[in-house]
Q: 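Below is a structure I'd like to ask you about.
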There are 2 protein chains.
Amino acid sequence: MARPTIADIADKAGVSKGAVSFALNGRPGVSDATRARILQIAEQMSWRPHSAARALGASRVDSVGLVIARPARTLGVEPFFAHLVSGLQSGLSARSISLQLLIVEDTDAEIEVYRRWTSEHRVDGVILVDLTVKDPRIEALRALELPAVVIGGRGGKGALASVWADDRDAMLSIVDYLAALGHRRIAHVAGTPNFQHTQRRIRAVRDAVPRLGLLDAPSLTTDFSDAEGAATTRKLLSQANRPTAIVYDSDVMAVAGLGVAMEMGVSVPGDLSIVAFDDSILTQLMHPALTALSRDTFEFGRQAAEVLLEVIAEPTKVINLRTADPVLTVRESTAPPTP
Amino acid sequence: MARPTIADIADKAGVSKGAVSFALNGRPGVSDATRARILQIAEQMSWRPHSAARALGASRVDSVGLVIARPARTLGVEPFFAHLVSGLQSGLSARSISLQLLIVEDTDAEIEVYRRWTSEHRVDGVILVDLTVKDPRIEALRALELPAVVIGGRGGKGALASVWADDRDAMLSIVDYLAALGHRRIAHVAGTPNFQHTQRRIRAVRDAVPRLGLLDAPSLTTDFSDAEGAATTRKLLSQANRPTAIVYDSDVMAVAGLGVAMEMGVSVPGDLSIVAFDDSILTQLMHPALTALSRDTFEFGRQAAEVLLEVIAEPTKVINLRTADPVLTVRESTAPPTP
DNA sequence: TGCAGGAGCTATACCGGTTTATCACTTCAG
DNA sequence: CTGAAGTGATAAACCGGTATAGCTCCTGCA
């Protein structure tokens with residue numbers, strides 16, 4: 001016989017289906033002797049619960065979802081999502097909960113997916129990434145009563161659980177480092193302005209100006225693409241008083257910026273220091289290798305998974321977990337400015 | 001009332017559950033008038049099938065799986081998987097079938113996942129990537145009777161369906177191009193030797209030697225990492241009769257190779273031409289931008305999804321779909337050799 | 001007029017678990 | 001000795017669909 005059911009086990013053990021269910025789920029209602037016997041038979045028949053049957057009776061599905069709303073073209077270059085997904089799975093696999101991954105075009109499509117998942121009972125909860133200012137997904141999820149955890153930002157008015165790193169401190173550590181090297185004219189090539197973390201980073205740079213006695217520290221927003229990263233760099237380096245250091249909000253933009261500098265005959269790190277806010281193999285493949293801020297994205301994902309499971313078990317719970325601070329990995333692209 | 005069920009619809013329409021099921025699934029058994037009325041009521045109550053309930057009655061789960069057995073660290077750098085996943089989803093979403101994605105450490109773990117998925121009825125079929133010579137997964141899947149489609153290689157002795165591109169022709173187009181430029185000493189930095197596509201590419205290079213009158217065309221295998229790509233390049237460029245062109249099996253290795261060349265004072269494309277077998281944003285960010293072989297991975301995924309659905313519907317069917325040939329995108333890293 | 005056959009629908013079993021009501025039996029307090 | 005409480009189990013309902021046997025008309029044809 002293929003795939004044994006609890007009825008088969010019940011037959012073999014000479015007990016009822018109910019008893020088997022109790023035994024397999026570790027709940028009271030059977031004696032220790034009977035429980036042991038049932039467990040042994042189940043093991044021997046290599047029984048596994050039929051996920052659909054379980055989802056039907058109870059309301060849990062043992063599955064959580066992650067929707068990424070970005071054009072596929074821009075995905076995959078940064079290892080961020082690959083690491084995040086691995087970390088999530090590591091946190092989920094302990095309780096053999098599966099992860100549904102979906103890549104969609106925009107936020108509207110993402111919300112539509114949440115609707116569908118909810119009505120089809122496909123997931124117990126979801127993970128939110130790329131939080132924007134006044135993010136419409138927060139309200140949508142609350143309306144659906146779908147448990148969720150926000151990654152990389154606070155979950156609105158204490159509503160959704162969140163797992164986040166301190167972007168502000170991280171940015172300050174970069175600016176402090178550059179200032180300590182002697183840089184006074186620093187520029188910041190930022191990401192999409194409506195992302196929350198972009199705003200936090202911009203604010204951090206601005207606030208550091210008076211404290212460190214910087215002459216200037218403009219933040220220029222982009223769409224995170226290599227094209228805009230390059231264009232913005234070209235603009236910055238063409239100025240009369242060009243910056244002696246540039247901080248990029250992503251590794252891809254930093255690499256593009258390095259290319260522009262080389263093209264314009266600006267030597268790195270001689271005439272210009274470059275720092276990437278995100279680390280990846282990309283920054284290490286360059287010549288010179290880029291100084292970058294490294295985060296433990298895998299661990300980030302693991303923690304997010306744990307928080308999500310807690311929220312699913314207890315939806316009223318409010319968790320805001322701050323993860324380990326990212327650290328600056330100094331490589332060859334930063335040096336004191338030439339006087 | 002939350003989540004309406006077909007019983008609710010049946011009540012409202014004044015018919016039986018069975019009639020509603022017939023109507024919603026477009027099967028005969030109800031009149032057109034009744035069908036229209038039921039569909040309208042379902043629409044108005046915004047009914048969606050409960051995926052678990054459906055999976056329980058019928059045997060399909062409307063979900064397929066993709067397991068990637070690679071260390072997470074090496075994932076995500078290449079956009080290959082992001083594009084593949086997007087393409088798969090595009091092919092699946094038409095019939096609202098979801099994709100389970102799992103990243104594991106090695107092939108043993110991967111096979112274990114297939115076992116679990118089968119016994120828990122979590123997927124209707126799976127997609128196989130990174131096919132190796134004498135791949136143990138083929139036999140495992142056959143034993144489990146789990147429908148599958150192999151990506152990028154033939155499915156063994158006509159057993160599994162497959163979707164593949166012609167690596168041989170692709171490699172020949174690269175070597176032909178380099179030979180036409182005048183190169184006679186070409187090297188090939190290959191990937192993991194036990195991957196089927198690696199072997200096909202090596203064979204293609206070897207077979208081209210006499211036809212094109214090449215002096216030499218060694219293939220050196222690596223583990224696909226940037227480190228081994230760099231080390232192999234260093235070895236090749238230190239030889240007495242060093243090659244005038246190098247073909248790399250991945251974009252990451254090509255970039256690493258470019259770095260080594262720059263470091264050794266070998267100018268590209270002046271002293272050395274470089275071609276990457278895989279294209280991505282990486283190759284375009286470099287200076288010089290790398291000539292690379294571009295594949296439509298998204299389309300590849302879409303087709304794989306379609307084939308998988310066919311195989312699920314008809315497990316005995318044998319499909320071997322050859323996809324569009326990859327094309328060579330010529331950029332700045334290739335030129336005729338200096339005499 | 002009788003009957004075969006099909007369209008249109010209902011009632012019901014079923015999928016594989018979980019949960020609840022119930023019951024037999026033991027134990028212990030009064 | 002009786003009643004109450006507790007233990008270990010069972011039978012049956014239930015979750016939300018799908019599949020199927022069967023029933024009631026209606027039509028067509030001999």
Side-chain angles (χ1 to χ4, degrees), chain A residues 1-39 41-42 45-63 96 116-122 124, chain B residues 1-39 41-42 45-63 96-97 116-122 124 313:
Chain A
M1 138 209 7
R3 340 251 172 266
T5 72
I6 57 165
D8 298 326
I9 298 176
D11 272 0
K12 198 150 189 174
V15 295
S16 69
K17 274 171 58 181
V20 174
S21 179
F22 290 146
L24 291 170
N25 290 293
R27 14 169 80 239
V30 285
S31 65
D32 287 350
T34 311
R35 179 187 308 277
R37 190 158 46 89
I38 291 173
L39 285 177
I41 292 176
M45 299 176 86
S46 70
W47 172 90
R48 295 294 182 88
H50 189 302
S51 57
R54 204 166 236 181
L56 191 51
S59 41
R60 70 213 153 95
V61 196
D62 283 351
S63 174
S96 66
R116 211 185 65 222
W117 275 353
T118 306
S119 50
E120 295 181 359
H121 294 79
R122 276 201 183 268
D124 295 323
Chain B
M1 139 209 3
R3 342 251 170 266
T5 71
I6 57 165
D8 298 326
I9 297 176
D11 272 0
K12 199 150 188 174
V15 295
S16 69
K17 274 172 59 181
V20 174
S21 178
F22 290 147
L24 292 171
N25 290 294
R27 10 168 85 241
V30 285
S31 66
D32 287 350
T34 311
R35 180 188 307 276
R37 192 157 46 89
I38 291 173
L39 285 177
I41 293 177
M45 299 176 86
S46 69
W47 172 89
R48 297 293 182 89
H50 189 303
S51 58
R54 204 168 238 182
L56 190 51
S59 38
R60 70 212 154 98
V61 196
D62 284 350
S63 174
S96 66
I97 287 173
R116 212 187 64 224
W117 275 354
T118 305
S119 51
E120 295 181 0
H121 293 80
R122 275 197 184 270
D124 295 324

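Note: hydrogens, waters and symmetry copies are ignored here, and every other heavy atom, side chains too, is used. Chain A is the first sequence line, chain B the second, and so forth, proteins listed ahead of strands; every chain is numbered from 1.
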Q: To the nearest Å, give me how far apart CD1 (Ile38(A)) and C1' (dG17(C)) are.
A: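 Rounding to the nearest Å, CD1 of Ile38(A) and C1' of dG17(C) are 15 Å apart.
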
Q: Considering non-hydrogen atoms only, spot the tightest contact between Met45(B) and Asp8(B) and give its length.
A: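 Nearest heavy atoms, Met45(B) then Asp8(B): CE-CB, 4.0 Å.
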
Q: What nucleotide, of dG17(C), dT18(D), dC15(C), holds the atom closest to the side chain of Ser21(B)?
A: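 Nearest to the side chain of Ser21(B) among the choices is dT18(D).
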
Q: Figure out the CG/P separation between Asp62(B) and dT18(D), and round it to whole Å.
A: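 The answer, rounded to whole Å, is 10 Å.
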
Q: Does Trp47(B) put a side-chain nitrogen or oxygen below 4.0 Å from OP1 or OP2 of dG17(D)?
A: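 True: Trp47(B) side-chain N/O within range (under 4.0 Å) of dG17(D) OP1/OP2.
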
Q: Any idea which of dG16(D), dA19(D), dA9(D) is nearest the Ala53(B) side chain?
A: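 The listed nucleotide nearest to Ala53(B)'s side chain is dG16(D).
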
Q: Classify Arg27(A) by what it touches in the nucleic acid, base, sugar-phosphate, or nothing, heavy-atom distance under 4.0 Å.
A: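 Sugar-phosphate, backbone atoms only, no base.
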
Q: At 10 degrees resolution, what angle do the end axes of the helix from dT1(C)-dA30(D) to dG30(C)-dC1(D) form when each is taken over five base pairs?
A: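 Result, rounded to 10 degrees: 60°.
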
Q: Tell me the closest heavy-atom pair linking Val61(A) and His121(A), and the distance in Å.
A: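 Nearest pair, atom of Val61(A) first, then His121(A): CG2-O, 3.3 Å.
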
Q: Once you round to the nearest 0.5 Å, how far does CD1 of Ile9(B) lie from CG of Leu39(B)?
A: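 The distance works out to 9.0 Å.
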
Q: Can you tell which of dT10(C), dT19(C), dG16(D) lies closest to the side chain of Ser16(B)?
A: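 Closest nucleotide to the Ser16(B) side chain: dT10(C).
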
Q: If you assign Gly18(B) and His50(B) each to the DNA chain D nucleotide with the nearest heavy atom, which residue ends up on the more 5' nucleotide?
A: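 Result: His50(B).
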
Q: Would you kindly give the CD1-to-P distance between Ile9(B) and dC9(C), to the nearest whole Å?
A: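 Taking atom P of dC9(C) as the reference, CD1 of Ile9(B) is at 16 Å.
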
Q: Please tell me which of the listed nucleotides, dT10(D), dA9(D), dT18(D), lies nearest to the side chain of Asn25(B)?
A: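 The answer is dT18(D), which lies nearest to the side chain.
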
Q: Heavy atoms only, 4.0 Å cut-off, all strands: where does Val20(A) land among base, sugar-phosphate and nothing?
A: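 If one applies the 4.0 Å heavy-atom cut-off, Val20(A) turns out to touch nothing in the nucleic acid.
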
Q: Between dC9(C) and Ser31(B), is there an OP1 or OP2 to side-chain N/O distance shorter than 4.0 Å?
A: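 True: Ser31(B) side-chain N/O within range (under 4.0 Å) of dC9(C) OP1/OP2.
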
Q: Counting only side-chain N and O atoms of Arg48(B), is one of them less than 4.0 Å from OP1 or OP2 of dG16(D)?
A: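 False: Arg48(B) side-chain N/O out of range (4.0 Å or more) of dG16(D) OP1/OP2.
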
Q: To the nearest angstrom, how far is Asp8(A) atom CG from dG17(C) atom C1'?
A: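 Rounded to the whole Å, the gap is 13 Å.
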
Q: Report the distance from atom CG of Asp11(A) to atom P of dA11(D), rounded to the nearest whole Å.
A: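 About 11 Å, once rounded to whole Å.
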
Q: Could you tell me the separation between the CD1 atom of Ile6(A) and the C1' atom of dC14(D), rounded to a whole number of Å?
A: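 In whole Å, dC14(D) C1' and Ile6(A) CD1 are 13 Å from each other.
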
Q: If you pin His121(B) and Val15(B) to their nearest nucleotides in DNA chain C, which one's is more 5'?
A: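 So the residue in question is Val15(B).
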
Q: Could you tell me whether the phosphate oxygens of dA9(D), OP1 or OP2, come under 4.0 Å of any side-chain nitrogen or oxygen in Thr34(A)?
A: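 Answer is yes, contact under 4.0 Å.
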
Q: Within this structure, what is the NE2-CG distance for the pair His50(A) and Leu56(A), rounded to the nearest 0.5 Å?
A: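 Rounded to the nearest 0.5 Å, the NE2-CG separation comes out at 10.5 Å.
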
Q: Please determine whether any donor N or O and acceptor N or O are separated by less than 3.5 Å between the side chain of Lys17(A) and the base of dG16(C).
A: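 Under the 3.5 Å cut-off, the side chain and the base do not form any donor-acceptor pair.
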
Q: Might you point out which heavy atoms bring Ile38(A) and Ala19(A) nearest each other, and give the distance in Å?
A: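 Result for this residue pair: CD1-O, 3.9 Å.
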
Q: Counting only N and O atoms by type, is there a donor-acceptor contact under 3.5 Å from the side chain of Arg48(A) to the main-chain atoms of Arg116(B)?
A: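 No; zero donor-acceptor contacts below 3.5 Å.
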
Q: From dT19(C), dA9(D), dG17(D), pick the nucleotide closest to the side chain of Phe22(A)?
A: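 Looking only at heavy atoms from C-beta outward on Phe22(A), the closest nucleotide is dT19(C).
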
Q: What is the distance, to the nearest angstrom, from the CD atom on Glu120(B) to the P atom on dG16(C)?
A: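 Answer to the nearest Å: 15 Å.
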
Q: Provide the closest heavy-atom pair for Lys17(B) versus Ala10(B) in the form atom of the first, atom of the second, distance.
A: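 Minimum heavy-atom contact is N-CB, 3.8 Å.
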
Q: Is the backbone of Gly29(B) close enough, under 3.5 Å, to the side chain of Arg35(B) for a donor and an acceptor to pair up by distance?
A: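 Side chain of Arg35(B) to backbone of Gly29(B): no pair is present.
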
Q: Just how far, in rounded Å, is C1' of dG16(D) from CG of Leu56(A)?
A: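 Result: 5 Å.
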
Q: Below 4.0 angstrom from OP1 or OP2 of dC15(D), is there any side-chain N or O of Arg54(A)?
A: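 Answer no for this pair, as no side-chain N or O of Arg54(A) is under 4.0 Å from OP1 or OP2.
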
